[in-house]
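Take a look at the structure below.
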Amino acid sequence: MTEARYFEPETVDEVVALLAADEDAKCVAGGASLVAMMNARLVEPSQLISLRHVEELQKIELNEDGWLQIGALVRHCDVVIAAELTEGNQVLSQAAGLIANPVIRDMGTIGGSVGHFDPAADYPVALAALGAEIEIAGANGRRSVPAGEFFIDWYETALAPSDLITSIRVPPAPVGSAGIYEKLAKVQGDMGIAMVAVVMAMAGDAINYLAVSVGGCGPTPIRLPDAEQALIGGSVDDAALQDFSNKLVAASDPVDDVRASAAYRKVLIPRFVAQAIDKAKAKLGEAS
Ligand SMILES: Cc1cc2nc3c(=O)[nH]c(=O)nc-3n(C[C@H](O)[C@H](O)[C@H](O)COP(=O)(O)OP(=O)(O)OC[C@H]3O[C@@H](n4cnc5c(N)ncnc54)[C@H](O)[C@@H]3O)c2cc1C
């Protein structure tokens, strides 16, 4: 095995140029996943491009259009306490708080997690529910990809080899919304068996905003915007929710793995969705 060369660029353009010059180069953010993969000889990068001196990637900023821009290098522990994530957008801080353990949350970054895209990872589920966008810098300039189009298949994203995630953009939370992120893991700190993110708002007894995303039950987070829309204007009704959950189960494509069987995951979806919606309703009740 040859030793990887190590670079510490200071700008996004320099990172992209280094990535574009060598297809076996890898950028390293927190190193939580990459170093583990290198130790297991699953990847052997020719060059390691550290992101730690790229200032543009470190900030959390509220943009003029009300969207929150979270730099790719923002660590999980800082997403947990980000005061800018309010109301329904708190699903993102809740998801960050359930990643692994305090050591990994101090190391790992949001850009690293989204770029690595393990289908059992927590952020993608929350980002899909929020309608977030992934900001990317590549050899042909900068672009923005909605979370729903970014996660394509098992371990496949919209990233080209020389692309760098620069930030995650989160839209303003729906007015009066609450967010609930639920994760079932075999032991605390493990990757999830199944996850659900719910963002909901109500006017009296009627639902007036709903976004539900399910993770760990297929290659990408599952969202059904038409089925969500059909629940708007109605109450949180058991029969309607069961019908909604049945559609999510039909759209799921889980696998058997070391954590759980596919059949078990399908059983979990309706229970998890009902539980998260109940919790969101209770949270909205407490706030009113
Ligand atoms: C023991 C353990 C338990 C874990 N448990 C969980 C869990 O419960 N839930 C969960 O969601 N995750 C979990 N993870 C993954 C963890 O969240 C990692 O922090 C994350 O997946 C990678 O973040 P990182 O910053 O360390 O990235 P790195 O390890 O540095 O990089 C990972 C990959 O992403 C690429 N990359 C890094 N930054 C960018 C960027 N800005 N643009 C494009 N590509 C980039 C790298 O080249 C590399 O291929 C766990 C990891 C470990 C080791």
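Keep in mind it's a predicted model, so treat the numbers as computed, not measured. For ligands, and for the atoms within them, numbers begin at 1 and follow the listed sequence.
Of the N or O atoms in Ile99, none lie within a sub-3.5 Å distance of an N or O in ligand 1. Residue contacts with ligand 1: Leu164 is placed with no nitrogen or oxygen under 3.5 Å of a nitrogen or oxygen of the ligand (distance criterion only). Residue Gly31 has at least one nitrogen or oxygen atom sitting less than 3.5 Å from a nitrogen or oxygen atom of ligand 1, judged on distance alone.
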- [ ] Could you walk me through whether Arg142 and Glu56 pass salt bridge (Lys or Arg N to Asp or Glu O under 4.0 Å), step by step?
- [x] CA-CA 14 Å; Arg142 299 208 180 205; Glu56 179 187 331; 2.7 Å; yes

Task: Derivation and outcome, side-chain hydrogen bond (donor to acceptor under 3.5 Å, both in side chains), residues Gln242 and Asn246 - done: CA-CA 6 Å; Gln242 188 59 50; Asn246 290 344; 3.1 Å; yes

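Between the side chain of Asp256 and the backbone N or O of Ala262 there is at least one donor-acceptor pair closer than 3.5 Å. Proximity of a side-chain donor or acceptor of Ser93 to a complementary backbone N or O of Gln90 within less than 3.5 Å is detected. In this structure, Arg265 contributes its side chain and Gly216 its backbone to a donor-acceptor pair below 3.5 Å. For the pair Arg259 (side chain) and Lys186 (backbone), a donor-acceptor distance under 3.5 Å is absent.
Summarising the contacts of atom 15 (C) of ligand 1 with Ser33, Gly215, Gly111, the nearest heavy atom is found in Ser33. Of all the listed residues (His76, Met38, Lys183), His76 holds the heavy atom that lies closest to atom 17 (O) of ligand 1.
Near Cys27, with a cut-off below 4.0 Å to any heavy atom, the atoms of ligand 1 are 36 (N), 39 (C), 44 (N), 45 (C), 46 (C), 47 (O). Per-residue contacts place Ala100 under 4.0 angstrom from the following atoms of ligand 1 (heavy atoms of the residue considered): 3 (C), 4 (C), 5 (N), 6 (C), 7 (C), 8 (O). Near Ala72, meaning under 4.0 Å from any of its heavy atoms, are these atoms of ligand 1: 41 (N). Close approach of ligand 1 to Val28 is summarised as follows: ligand atoms under 4.0 Å from at least one heavy atom of the residue are 30 (O). Residue-ligand proximity, Ala32 to ligand 1, at heavy-atom distances under 4.0 Å covers atoms 18 (C), 19 (O), 26 (O), 29 (O), 53 (C). Counting atoms of ligand 1 from 1 in the listed order, those under 4.0 Å from a heavy atom of Leu51 are 38 (N), 41 (N). Taking every heavy atom of Lys26 and a limit of under 4.0 angstrom, the matching atoms of ligand 1 come to 47 (O), 49 (O).
Between the NZ atom in Lys283 and the CE atom in Met200 there is a gap of 11.5 Å [rounded to 0.5 Å].
Of all non-hydrogen atoms in Leu48 and Met38, the two that sit nearest each other are CD1-CE, 3.9 Å. Ala126 and Leu92 make their closest contact through CB-CD1, 3.9 Å (heavy atoms, listed as atom of the first residue, atom of the second, distance).
At a heavy-atom cutoff of 4.0 Å, ligand 1 is contacted by the backbone of Asp190 but not by its side chain. Contacts of Arg75 with ligand 1, taken as heavy-atom pairs under 4.0 Å, are absent altogether. Contacts between Ile104 and ligand 1 below 4.0 angstrom, taking non-hydrogen atoms only, involve the side chain exclusively. When non-hydrogen atoms are compared, ligand 1 lies under 4.0 Å from neither the backbone nor the side chain of Ala36.
Here the heavy atom of the protein found nearest to atom 29 (O) of ligand 1 is Leu34 N, 2.7 Å. Nearest protein heavy-atom contact of atom 42 (N) of ligand 1 is Ile165 N, 2.8 Å. Among protein heavy atoms, atom 24 (P) of ligand 1 sits closest to Gly30 N, 3.6 Å. For atom 27 (O) of ligand 1, the closest non-hydrogen atom of the protein is Gly112 CA, 3.5 Å. For atom 9 (N) of ligand 1, the closest non-hydrogen atom of the protein is Asp122 OD2, 2.7 Å. The nearest protein atom to atom 14 (N) of ligand 1, hydrogens excluded, is given as Met191 SD, 3.9 Å; this is a heavy-atom distance. For atom 25 (O) of ligand 1, the closest non-hydrogen atom on the protein side is Thr109 OG1, 2.7 Å.
Transitive grouping of hydrophobic side chains (ILVMFWY, heavy atoms separated by less than 4.5 Å) keeps Met107 and Val79 in distinct clusters.
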